Amino acid sequence: MEDISGKIRKRRKMMSLSQEALAEGVSSQSSISRLENGRFTISLGEFLEVMERLNLSMHDVFCSGEKTPGIIVREQLDAARKEQDYDRMEEILESERSGFWKQSPELEGYRSWHHGLVKQSKGQYRMALRLINIAIEMNQKNEWMYEAVAEMHLAKGNIYNMTGLGGLDSYKEALAFYEESKKTSPVLVVKILYNLAVSLCEGDEHEKSLKYCNKALEILHKNDSTYLIVHILYMKFSALINLKQYEEYETLKEKNKVFFENYDALELFDILEKYSKKNIS
């Protein structure tokens, strides 16, 4: 019973709920306190309502040391998303009955999010946006899902860009949720920062674009990574040119030419050499 009470207490704190808030309309603060201290004095009905409010399943609370079916499916979807394998994603989504996904808002949100990504891959952008918005709505108040919500906003921004509507606001939301998540995912945050830099450059906000480029490069340096580095450097150079900081541009261009050579991206370097506003942004 002590293990169960610990899980409930940990989940309540993770969701930033007080005992009073958790008990409201269900039980009393004192009953929640006793439950978290290993004394089961509330009714089964009240207990189930508390579990629902905490988005916990019976398996989450009473089983330990094993991955739940929901966790296994989420991990499978994560792997398919990382590989951009939309056929595999669709296969996973269709492998479970609808009732399986309704175990928790997190799982149902995962389903909607990945359905949206599959629709995006098929060019069905309006439906993709609707599904991703549903996923965001389901999970945007769950602190431990903030990193996933950041990635949902990133996907939403990309769809807006594909349809010519501009994804800047969605990328800003993505960065805000990522920072609130307190997680460390260099690849995700660099993707977000890069898309922010591109969107701002397209809107002639070159100082802001430069700030996000520098932030992305700093993260890459700290993590000894070259992920997207050529594209980020390209955006930084274009921002410097637009800001007429030619001396810094020339210095950095020569210093970093090796990256363009190593990544077979000298065509981007040539565009910078033949710079025109149309070419860059």
Side-chain angles (χ1 to χ4, degrees), residues 1-79 81 92-116 130-153 173 176-185:
M1 194 66 192
E2 182 179 1
D3 185 54
I4 296 170
S5 64
K7 289 179 182 179
I8 291 171
R9 181 171 55 253
K10 181 179 179 181
R11 180 59 171 230
R12 174 180 64 78
K13 290 183 176 180
M14 185 184 294
M15 295 179 69
S16 301
L17 289 172
S18 65
Q19 289 181 341
E20 290 85 353
L22 179 57
E24 186 176 358
V26 176
S27 186
S28 64
Q29 181 274 328
S30 59
S31 294
I32 299 298
S33 178
R34 286 192 292 272
L35 179 61
E36 291 185 356
N37 284 284
R39 289 181 290 159
F40 201 109
T41 61
I42 64 175
S43 69
L44 178 59
E46 290 172 336
F47 177 71
L48 292 175
E49 286 194 58
V50 167
M51 296 263 284
E52 183 177 355
R53 187 164 289 183
L54 293 173
N55 297 329
L56 288 171
S57 69
M58 297 292 279
H59 195 293
D60 293 332
V61 173
F62 289 101
C63 297
S64 61
E66 298 179 15
K67 289 184 179 179
T68 67
I71 289 173
I72 292 170
V73 167
R74 288 206 304 268
E75 289 179 350
Q76 290 173 343
L77 286 171
D78 287 341
R81 189 178 69 256
I92 295 165
L93 292 168
E94 292 176 353
S95 69
E96 302 291 347
R97 296 178 180 273
S98 60
F100 171 83
W101 300 100
K102 294 181 179 179
Q103 296 179 55
S104 70
E106 294 92 346
L107 198 54
E108 200 165 2
Y110 243 70
R111 180 196 193 192
S112 187
W113 173 21
H114 289 84
H115 263 310
R130 188 176 75 81
L131 289 165
I132 292 172
N133 278 330
I134 289 171
I136 290 171
E137 181 67 26
M138 285 180 172
N139 289 286
Q140 63 186 349
K141 294 183 180 178
N142 291 346
E143 186 176 337
W144 72 283
M145 284 289 288
Y146 280 178
E147 186 180 20
V149 173
E151 200 166 347
M152 293 174 198
H153 278 291
E173 287 288 338
F177 273 98
Y178 174 80
E179 290 174 342
E180 283 293 320
S181 77
K182 306 295 191 294
K183 299 288 181 63
T184 303
S185 178

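Computed from a predicted model, the values in this text were never measured in an experiment.
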**Study point:** 4.5 Å side-chain heavy-atom contact, Arg12 and Ile8
**Key:** no
Look up atom [atom1] in [X] and atom [atom2] in [Y], then write down how far apart they are to the nearest 0.5 Å.
| X | Y | atom1 | atom2 | answer |
| --- | --- | --- | --- | --- |
| Asn139 | Trp144 | CG | CH2 | 8.0 Å |
| Glu46 | Met51 | CD | CE | 14.0 Å |
| Ile32 | Arg9 | CD1 | CZ | 12.5 Å |
| Leu93 | Tyr110 | CG | OH | 11.5 Å |
| Met152 | Ile134 | CE | CD1 | 11.5 Å |
| Met138 | Trp113 | CE | CH2 | 14.0 Å |

Practice item. Fit a plane to each ring of Tyr146 and Phe177, take the angle between them on a 0 to 90° scale, and name the class: parallel (under 30°), tilted (30 to 60°) or perpendicular (over 60°). Key: perpendicular
Exercise for review: Not counting sequence neighbours, which residues clear salt bridge (charged side-chain N to carboxylate O under 4.0 Å, His left out) with Arg53? List them please.
Suggested key: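 None.
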Revision key, fill the gap. Residues passing the salt bridge (charged side-chain N to carboxylate O under 4.0 Å, His left out) test with Glu49, sequence neighbours excluded, are none
Point to revise | Check: Ser185 main-chain N/O paired with Tyr178 side-chain donor or acceptor under 3.5 Å | key: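 Yes; at least one donor-acceptor contact below 3.5 Å.
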Review point. Between Ser112 (side chain) and Leu131 (backbone), is there a donor-acceptor pair under 3.5 Å?
Key: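 Looks like yes, one N/O pair under 3.5 Å.
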Review point. Is Glu180 atom CD crowded by more than 12 heavy atoms from other residues, nucleotides or ligands, each under 6.0 Å away?
Key: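 Counting neighbours around CD of Glu180, 12 or fewer heavy atoms of other residues, nucleotides or ligands fall under 6.0 Å, so no.
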Exercise for review: State, to 0.1 Å, how close Gly109 and Ala135 come at their nearest heavy-atom pair, and which atoms those are.
Suggested key: O-CB, 3.2 Å
Study note, to complete from the structure: Of all heavy-atom pairs linking Val73 and Trp101, the shortest is CG1-CH2, 3.4 Å
Study note, to complete from the structure: Residues at least two apart in sequence or cross-chain that pass side-chain contact (heavy atoms from CB on, under 4.5 Å) with Ala21, listed by chain then number, are Leu17, Ser18
Review point. Are Gln29 and Gln19 close enough that a side-chain donor and a side-chain acceptor fall under 3.5 Å?
Key: yes
Practice item. Identify whether the distance between the nearest side-chain nitrogen and carboxylate oxygen of Arg111 and Glu96 falls below 4.0 Å. Key: no
Review point. Thinking salt bridges, do Glu151 and Arg81 make one under a 4.0 Å N-O criterion?
Key: yes
